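Accompanying notes for the structure given below.
Below, read A as the first sequence line, B as the second, and so on, with proteins coming before strands; counting in each chain starts at 1. No experiment lies behind these values; they were computed from the predicted model shown.
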There are 2 protein chains.
Amino acid sequence: MKISTKGRYGLRAMIDLATYGTSDTPVYLSDIAKRQGISEKYLEHIFGLLHRAGLVKALRGRKGGYLLTRLADTITLDEIITVLEGPCSLVDCVTDATACPKIDTCVTREIWSMLGSKIEEALKGLTLASLAERQIQKTQHDIPMYYI
Amino acid sequence: MKISTKGRYGLRAMIDLATYGTSDTPVYLSDIAKRQGISEKYLEHIFGLLHRAGLVKALRGRKGGYLLTRLADTITLDEIITVLEGPCSLVDCVTDATACPKIDTCVTREIWSMLGSKIEEALKGLTLASLAERQIQKTQHDIPMYYI
DNA sequence: ACTATTCCTATCAGATTACTAGGAGATAAA
DNA sequence: TTTATCTCCTAGTAATCTGATAGGAATAGT
């Protein structure tokens with residue numbers, strides 16, 4: 001039950017984009033990669049996912065780059081993580097009723113379902129803007145989590 | 001972010017053990033495997049983990065089998081899942097401070113840490129006994145016709 | 001002794017992960 | 001128009017993880 005690099009790198013890249021990009025000036029993928037210490041080629045692949053999911057806009061050619069399609073305070077972490085890690089269902093039978101024949105009598109399915117909902121709910125309550133803001137504050141002074 | 005078969009099978013096996021075993025009569029691994037529709041050989045491996053973690057006792061030889069080391073209402077799901085899936089930390093840097101140099105300024109780490117704690121908290125609030133109980137109630141509503 | 005059980009190690013095919021390589025297409029600046 | 005940067009796309013690949021399977025040793029009741 002681990003988050004892969006796709007999810008970890010992707011989230012950091014999105015925060016980077018929210019921090020360094022504006023609504024009209026795109027950010028180079030190479031700059032994000034450098035700042036975040038991620039392989040450029042690999043990050044390219046991750047941005048492919050984010051792009052196809054409609055979370056970022058891409059401008060090709062010279063002076064191109066990426067920018068957010070929406071304002072950072074309307075993008076939740078749930079959207080980002082779902083794109084990069086798949087739906088928050090911890091087991092397939094929660095989203096796919098045909099995955100197991102014992103669906104209506106299985107008590108573990110209820111547990112996984114409940115747990116998945118909790119994660120989803122927590123992620124829906126966090127916006128990209130709040131993280132970017134906190135990241136800026138954090139690099140200045142170290143503020144405890146509960147001030148978010 | 002998925003639970004593997006080790007976690008899924010293992011939890012179901014523990015519920016089975018809590019349901020069919022008593023404090024002195026062990027349950028055959030083969031019976032659990034049959035009831036739960038799991039490969040016997042694979043389940044053997046899973047019980048190895050549970051055994052080494054001290055969650056189940058093993059009786060070798062004829063009339064042997066497995067039983068819980070403690071009462072089912074003192075065993076939380078958190079213990080079981082931790083043994084089978086590893087600690088609930090979604091990323092390594094939460095438990096291992098040397099995993100990343102940006103630890104004290106990284107805002108995503110706080111998110112993963114918070115999320116992991118939520119999962120852990122939820123799993124700690126559920127006992128094996130409560131699940132076994134619920135499983136029994138759930139199957140009673142679904143008794144085949146020929147038993148009436 | 002015989003049989004039924006747990007226990008242990010080793011093996012293995014297939015899937016996934018985390019990249020890397022190379023080039024095609026787009027666009028602004030020269 | 002050419003060139004220098006950019007994104008975009010497909011393919012490949014080594015390492016690791018998953019989900020088993022195989023065979024036999026240890027143990028204990030009959």
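- Using a 4.5 Å heavy-atom threshold, the side chains of A:L115 and B:I119 count as touching.
- Distance alone, capped at 3.5 Å, places no donor-acceptor pair between the B:K34 side chain and the B:E40 backbone.
- Taking the side chain of A:R62 as heavy atoms from C-beta on, and the options D:dC6, D:dG19, D:dA4, the nearest nucleotide is D:dA4.
- Atom NZ in A:K2 sits about 14 Å away from atom P in C:dT17, given to the nearest Å.
- Close to C:dA18, at under 4.0 Å from its OP1 or OP2, lies a side-chain N or O of A:S4.
- In this structure, B:H45 places its NE2 atom 14 Å from C1' of C:dC12, rounding to the nearest Å.
- For B:H51, a side-chain nitrogen or oxygen approaches OP1 or OP2 of C:dC7 to under 4.0 Å.
- Contacts of B:G48 with the nucleic acid, taken as non-hydrogen atoms under 4.0 Å apart, are absent.
- Transitive grouping of hydrophobic side chains (ILVMFWY, heavy atoms separated by less than 4.5 Å) brings B:Y42 and B:L29 into a common cluster.
- Heavy-atom distances to DNA chain C give each of B:Y28 and A:Y42 a nearest nucleotide, and the one nearer the 5′ end belongs to B:Y28.
- Side-chain N/O atoms of B:S39 include one lying less than 4.0 angstrom from OP1 or OP2 on D:dT21.
- Residue A:Y66 places no side-chain N or O under 4.0 Å from the OP1 or OP2 atom of D:dC6.
- For B:T5 and D:dT18, the shortest distance from a side-chain N or O to OP1 or OP2 is not below 4.0 Å.
- In this structure, the side chains of B:R52 and B:F47 stay at 4.5 Å or more apart for every pair of heavy atoms.
- One can find a donor-acceptor pair under 3.5 Å joining the base of D:dG23 and the side-chain atoms of B:K41.
- Regarding A:R8, its CZ atom lies at a distance of 11 Å from the C1' atom of C:dT17, rounded to whole Å.
- Spacing between atom CD of B:E40 and atom P of C:dT6 amounts to 7 Å, rounded to whole angstrom units.
- A continuous path of Ile, Leu, Val, Met, Phe, Trp and Tyr side chains, each step under 4.5 Å between heavy atoms, connects A:L11 with B:M114, placing both in one hydrophobic cluster.
- The nearest whole Å value for the distance from the CG atom in A:L29 to the C1' atom in D:dT5 is 13 Å.
- Between B:Y9 and D:dA20 there is a side-chain polar atom (N or O) within less than 4.0 angstrom of OP1 or OP2.
- Summarising the geometry, the separation between CD1 on A:I46 and P on C:dC19 is reported as 9 Å, rounded to the nearest angstrom.
- Residue-to-nucleotide contacts include a donor-acceptor pair under 3.5 Å from the side chain of B:R60 to the base of D:dA26.
- Atom CG in A:D92 sits about 15 Å away from atom P in D:dT18, given to the nearest Å.
- Taking the nucleotide of DNA chain C with the nearest heavy atom to each of A:K6 and A:G61, the more 5' of the two is matched to A:K6.
- Atom CD in A:E44 sits about 12 Å away from atom P in C:dT20, given to the nearest Å.
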